[in-house]
Structure formats: C-alpha cells, structure tokens
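As the structure lists them, so they are numbered: ligands from 1, and atoms in each ligand from 1.
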Amino acid sequence: MTPTIGTLDTLPRTRLSHLPTPIDAMPNLSRNVGAANLYAKRDDCTGLCLGGNKARQLEFYLGDAMAHGADTLLITGAVQSNYVRMAAAAARKTGMRCHVQLEARVANASASYRESGNVLLDRLLGATIHRFSHGEDEAGADRNLEAIASELAADGAKPYVIHLGPGHPPLGALGYVDAARELLAQLDERALRIDEIVVPSGSGATHAGLLFGLRALGSAIPVHGVCVRRARAPQHARIAGHCRALAEILQMRNPVGESDIDLGDGVLAPGYGTMNDAVEQAIMLAAHQEGMIVDPVYSARTMAGFLARARSAGKGHNLLFLHTGGQPAVFGYEDDLMPALDEDAG
Ligand SMILES: *Cc1c(COP(=O)(O)O)cnc(C)c1O
C-alpha cells in the first residue's frame, strides 16, 4: 500500500509525467571512479516535452492553476531555462496560453544560447516571449512578471504565475515529496541499499522535496545537494525555509532537521549557467562511459559534485545520482562545448 504523507494526496494535481522513472546502474562510470557502485535515477525521462525534473513539479502548479480557473500560465527563468520550456508544454497540454520571461542572467552572447536549445522549443510551443535584460535580480524579475500578469488580467485573461523564489508556497517541491515515495518503493522492490543520493540544489524544490519526503517516510538516506545557483549558506537557509513551508502545506510536523541539510558548492564557480573544467569533464565522462548526456547548467554540475563524492567513497558504497534532465540546453551551449570536442578529437 502507498504510504500517505500529510495531505499530499488531497492536493490539486494534474498528471503530466511518465512515472515511475527508471533507476539505471552505471557500471562503466563505477569502474572509472574507483570502489563505489553508481546508479542514476532517470528523472530526465519524465516524458513531458523531452523530460526533466520540472514535470513532477509542474503537476502541482498546474493542478493549482486549473483549480483557480486560469487560462494563461506565466513563468520566468534564465534564457536556457528548462522550467520555462516544460511549463510552456504543460500549458499547451492543459489548453492554456503561456507567457514566458527570459532573464539575461548568464553572460553568454552566442546566437545558439539566445536562440537554440530551450528557446527554440519555447517558440515551437508558441509561448509569448518577454526578455528581461537586468541580469541576476530574482525579485525584480518577479515584479516584472507580475506586471505582465496584471496587463493580461486587465485584458480579460485569467493569469496564473508560477513563483519560484522564497515567499511563495513551494508547490513544485510537492512533486519531489511524492518522488521520495516512488524511490523508496523502487529500492525496496529491488532490495537495493543506497548510501547517499546526490541532487542539484537550484530553486531548491527538488532538494527540499525529496529530503522532506524521505524523512517523512522514516528514511535516513543522506541527501547531498550540489549548489548550482548560489553558495552554500544562502542555499541552506532556502532549503530549510522550503521544508518549513512544506510542513505547513502538508499540515504535518517538519521531519527535516538542520543537520539533514547537506550542501556543497565546490563546483559552482564561476557561477550559474557558466561552465568550468569539472563540469566539462563530467559532460565528457558521462557521455563516453555511459552514453548519457548531462547539461552544462544543472545535471553536469551535479554530476561533477557526484563524481567527486564517488571518488572518495568507500568500497561497496552505493551512490545514486538524480538525473534531472536539461539536455536541450546542450544545443544552446554549443559554442562553449566546441573546444572540449576539438581537444577530444585531437
Ligand atoms: C531546474 C533544474 C534543476 C534545479 O532544480 P530545482 O528544483 O530548481 O532546485 C536541476 N536540473 C535541471 C535540468 C533543471 O532544469
């Protein structure tokens, strides 16, 4: 029987994902890094418009949007945002229009970054694109999106804004509370012991949701968050805040203690959406060893943090990498990836 977690199963939800996602062994990568056994939970295979972690998150936002009778979805993100692409797809699937705001957060002026990858998909999905050119400014981007929503409402639309920053209920994290339930059932079925799960920590919905779900179900599996957007200290506060908010939404005690929140920012430099040597190596290694594509912004950064932990893990340790998707961004980062490919061929 499926265990319950607070009020989770009573909340509005729109099914959008192919679940459960598989768990793959990564035998070649395991041999490459040493003594640990490496596995991947394939949340890049959630199905919604090329997949990724946002499918699970959007199920709860779309459920809420439909419950509010919305007809237009609004979301903001970096130019190569996977969330924006998948929100646009979710809007289409549920019969809504979609307005997306693309923030010039990353100093990358290449034509492929601005127009290919996720941006090309946003356009194919027929999203109305707004450009926010002020760089990294989470509050400012939110305010601008609200202003667009007000204009749409004045014209008679029923807009619904997906807010990702603090100060708004982290509805997306509910998708990962549910994913914890899915994962524990899979591990149980396969009699697979996992000693650590490594996840990206960006908006924190994935990290906080999975951690909350595991602890709520009595699992003590350590969850290590790889910082992909901001440094450890502010990210820790964000994850703690999300867990408190989740407890409120789910009307239950917060099962996550301060010491459960584990973060590393060793592969973050030079910053969000920008490649470094460890990220580049992770991309090449995952592709060459496992035929698996990871993206420069999120999943390769997480893979880089994962590999660092795998290399220092003891013999027989089982480590699970949460693959959150992001592959369309590879096409947006074509220019950044070229030097690695030229080197590789030489
Ligand atoms: C958004 C995203 C993340 C970060 O997830 P959060 O829930 O925002 O922390 C990680 N990987 C990919 C591919 C993403 O698109």
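Between Asn53 and ligand 1, at least one N/O pair is under 3.5 Å apart. Considering backbone and side-chain N/O of Ser299, none are found under 3.5 Å from N/O of ligand 1. Checked against a 3.5 angstrom limit, the closest N/O atoms of Gly326 and ligand 1 fall outside it. For ligand 1, the polar-atom distance check finds no N/O of Gly325 at less than 3.5 Å from any of the ligand's N/O atoms. Considering backbone and side-chain N/O of Tyr298, none are found under 3.5 Å from N/O of ligand 1.
Contact annotation for Leu164 and ligand 1: no heavy atom of the residue comes within less than 4.0 Å of the ligand.
With respect to the salt-bridge test (charged N to carboxylate O, under 4.0 angstrom), the residues Glu138 and Arg105 do not qualify.
The shortest contact between atom 14 (C) of ligand 1 and any protein heavy atom is with Lys54 NZ, 2.9 Å. The protein heavy-atom contact nearest to atom 11 (N) of ligand 1 is Thr324 OG1, 2.6 Å.
Classification of the Tyr160-His68 ring pair by plane angle, with boundaries at 30° and 60°, yields tilted.
Near Thr206, meaning under 4.0 Å from one of its heavy atoms, ligand 1 places the atoms 5 (O), 6 (P), 7 (O).
Looking at Lys158 and Thr72, their side chains never bring a donor and an acceptor atom within 3.5 Å of each other. For the residue pair His207 and Gln235, no side-chain donor N or O sits within less than 3.5 Å of a side-chain acceptor on the partner.
Closest approach of Ala278 and Val267 over heavy atoms only: CB-CG1, 4.2 Å.
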